[in-house]
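Everything on this sheet refers to the single structure shown next.
Naming: A, B, ... by sequence-line order, numbering from 1 per chain.
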Number of protein chains: 2
Amino acid sequence: MSSMTQDHSIAATLRDDILRGQYRRGERLPSERDLAERFGVHRSTVRAAFKRLEQLGIADIRQGGARVNPIEEASLDVIEHLLALESPPNPELVDQTLETLSGFLAMAARLGTERADSAQRAAMLTLVTEMIEAPDTDTQRTEIFRALGNAFVEASGNLVLRLVQHGLRTRYSDYVLPDDRQEAVPLAVIEAPLLRLKESIESEDGTNASEALLELTSTIRKRIRNRLVAENNDASRGGPL
Amino acid sequence: MSSMTQDHSIAATLRDDILRGQYRRGERLPSERDLAERFGVHRSTVRAAFKRLEQLGIADIRQGGARVNPIEEASLDVIEHLLALESPPNPELVDQTLETLSGFLAMAARLGTERADSAQRAAMLTLVTEMIEAPDTDTQRTEIFRALGNAFVEASGNLVLRLVQHGLRTRYSDYVLPDDRQEAVPLAVIEAPLLRLKESIESEDGTNASEALLELTSTIRKRIRNRLVAENNDASRGGPL
DNA sequence: CTGCCAAACTGGTCGGACCAGATCTCCGCG
DNA sequence: CGCGGAGATCTGGTCCGACCAGTTTGGCAG
């Protein structure tokens, strides 16, 4: 963390303060000059930090004072920082992230399955097969799953979809993934949807692929939620959620 | 445009240059000092502009020189600017935007329909009914449709979904919507899916609502695509798509 | 108490400067 | 002729101090 530039770390501090709800929406942030003094840096450095907050969508800088934006107007990027705010992360937020991600992957699976050329289709099938046959650890399986998601989005040929995926890329894995000390998801639980997915890809049935993927992710989601809730039953709630 | 701050308009110029493909990915942007001289401003102003490009995800600023990022790593916000780059906008990109938006709304409809409380459900039904019964113009109908989307997302209770929606909010309407001089979409074309949607909401059938919405949007998408392709058959292709 | 004007404050821009790290150049060694 | 490395050069990061033009605020007059 210490290798960051100063404006970066100042922005991070302010960002977390805001996300933690220390400033109410619409409220004015301290002035650049005040913050410069508080952090012991030049005003220009604080300015740089402010720009970051602005582009994150959580602050609105204008003459008269920078103001805190409502969280709904923020950029997707805040999700990552919201997740990092607590450890273990807020289970609800994790679940919402996974839910949204699942939905998008389902969409991508539909479009990608329908539009893939033969090479892309072959690659997809390889990945699904790998996931069934060589699932050493959850971590590894997750890696394959991620690649599969990329393959779907790639094959969809939809740039917008791709950008959404990238915005959602949120290193949720760091917060969310079962660690290795955790027992892996039993193959039995996910084999059925994986086989269905495989068939769908082969038969170019987008709708079916989409449903198979939803089926698959819903299982995983449920496991992660249960684990997090268990870990987190003493966490205090709060923040701008 | 002239009321913008300078760093804003400089950022816009550089942004459009990049999106137009004048700099290849990975290529170095001119230095802050060079650009300051070219634009006749102080270096700090160019720096501010650079920060914007960085947070837009289209440039990577580091010692040694700022570099152009691949478009896939950009923020969702670039879509709006990509659309604005040509007039009429690139039909393919518009279609991709609408496709993603449709899928997204289908997701929201599924979740929102399943989770809405009675007040929210009533509001949804009102909107759908309005859309059937009082469709004076496409513009007006679009307004209702947008409100309906908000209602779904709101009812889903999913913050991540909400942020994606906001990111996708892209004033696509400005580029994409049928103008008033255009004949409105005949009610006959959209009445069936709207009725289906209504029933789905009443019966709390998320899957059905999702499908109804896809059915509805696919019709509209097709119309818009046809219109744009017709308008655009002489446009030159290019840019980082 | 209200309305309005001036003072204080805020962000935007400027000029100029120094640092540390990245990049480039060019010379000398193999 | 090729290659590696040292030094010059360039780049972004930060700082200082200053001025401008809008915003906000405080207090004075009505």
Side-chain angles (χ1 to χ4, degrees), chain A residues 1-18 22-70 73-75, chain B residues 1-18 22-70 73-75:
Chain A
M1 291 293 217
S2 58
S3 74
M4 284 171 160
T5 59
Q6 292 189 65
D7 75 86
H8 213 97
S9 81
I10 289 177
T13 301
L14 293 174
R15 186 225 313 134
D16 286 349
D17 282 353
I18 293 175
Q22 295 194 10
Y23 300 95
R24 258 163 302 191
R25 55 174 58 185
E27 196 175 329
R28 264 173 63 175
L29 249 38
S31 75
E32 298 176 347
R33 290 172 176 87
D34 283 355
L35 289 172
E37 192 175 1
R38 183 192 307 179
F39 288 109
V41 298
H42 191 258
R43 180 160 83 105
S44 62
T45 305
V46 175
R47 276 184 71 65
F50 267 33
K51 293 258 179 229
R52 291 183 187 277
L53 300 184
E54 188 184 35
Q55 290 302 104
L56 240 192
I58 60 179
D60 184 20
I61 303 178
R62 54 183 132 153
Q63 279 187 235
R67 290 192 150 71
V68 176
N69 268 351
E73 291 177 18
S75 148
Chain B
M1 288 295 220
S2 58
S3 74
M4 284 171 159
T5 59
Q6 291 189 63
D7 75 86
H8 213 98
S9 81
I10 290 177
T13 301
L14 294 173
R15 186 223 317 131
D16 287 349
D17 282 352
I18 293 175
Q22 296 193 11
Y23 301 95
R24 257 162 302 192
R25 54 173 61 185
E27 194 175 330
R28 265 173 61 174
L29 249 38
S31 74
E32 297 176 348
R33 289 173 176 84
D34 282 355
L35 289 172
E37 191 174 3
R38 182 190 310 176
F39 288 108
V41 298
H42 190 258
R43 190 182 142 218
S44 62
T45 304
V46 174
R47 277 183 70 66
F50 267 32
K51 293 257 179 230
R52 291 182 187 277
L53 301 184
E54 188 184 35
Q55 291 300 104
L56 240 192
I58 61 179
D60 184 21
I61 304 178
R62 55 182 130 151
Q63 277 187 228
R67 290 192 150 71
V68 175
N69 269 350
E73 291 177 18
S75 147

Does B/E37 CD have over 12 foreign heavy atoms under 6.0 Å away?
no
What distance do B/K51 atom NZ and A/K51 atom NZ have between them, rounded to the nearest 0.5 Å?
10.0 Å
Nearest 0.5 Å, please: how far is CG in A/D7 from CZ in A/R47?
12.0 Å
Atom CD of B/E32 and atom C1' of C/dC14: how far apart are they, to the nearest Å?
15 Å
Out of curiosity, A/E54 CD to A/N69 CG, how far, rounded to the nearest 0.5 Å?
9.0 Å
In whole angstroms, the gap separating C1' of C/dA22 from CG of B/L29 amounts to 17 Å
Rounded to whole Å, how long is the line connecting atom CD of B/E37 with atom P of D/dT11?
12 Å
May I have the distance from A/D34 (atom CG) to C/dA8 (atom P), rounded to whole angstrom?
17 Å
If you check the B/Q6 side chain, which of C/dC14, C/dG11, D/dT11 turns out closest?
C/dC14
How many angstroms lie between atom CD of A/Q6 and atom NE2 of A/H42, to the nearest 0.5 angstrom?
12.0 Å
To the nearest angstrom, the CZ-C1' distance between B/R33 and C/dC14 comes to 15 Å
Is any side-chain N or O of B/S31 closer than 4.0 Å to OP1 or OP2 of D/dT11?
yes
Using the 3.5 Å cut-off, write out each protein N or O paired with an N or O of nucleotides 23-26 of chain D and the distance between them.
from   : atom 1 : to    : atom 2 : distance (Å)
D/dT24 : O3'    : A/R28 : NH1    : 3.2

Among residues 41-57 of chain B, which residues get a heavy atom nearer than 4.0 Å to DNA chain C?
B/V41, B/H42, B/R43, B/S44, B/T45
On a heavy-atom basis, the closest approach of A/I10 and A/A49 is CG2-CB, 3.8 Å
Side chain proximity check, B/L35 to B/F50, heavy atoms < 4.5 angstrom
yes
With a 4.5 Å heavy-atom cut-off, do B/L14 and B/I58 have their side chains touching?
no
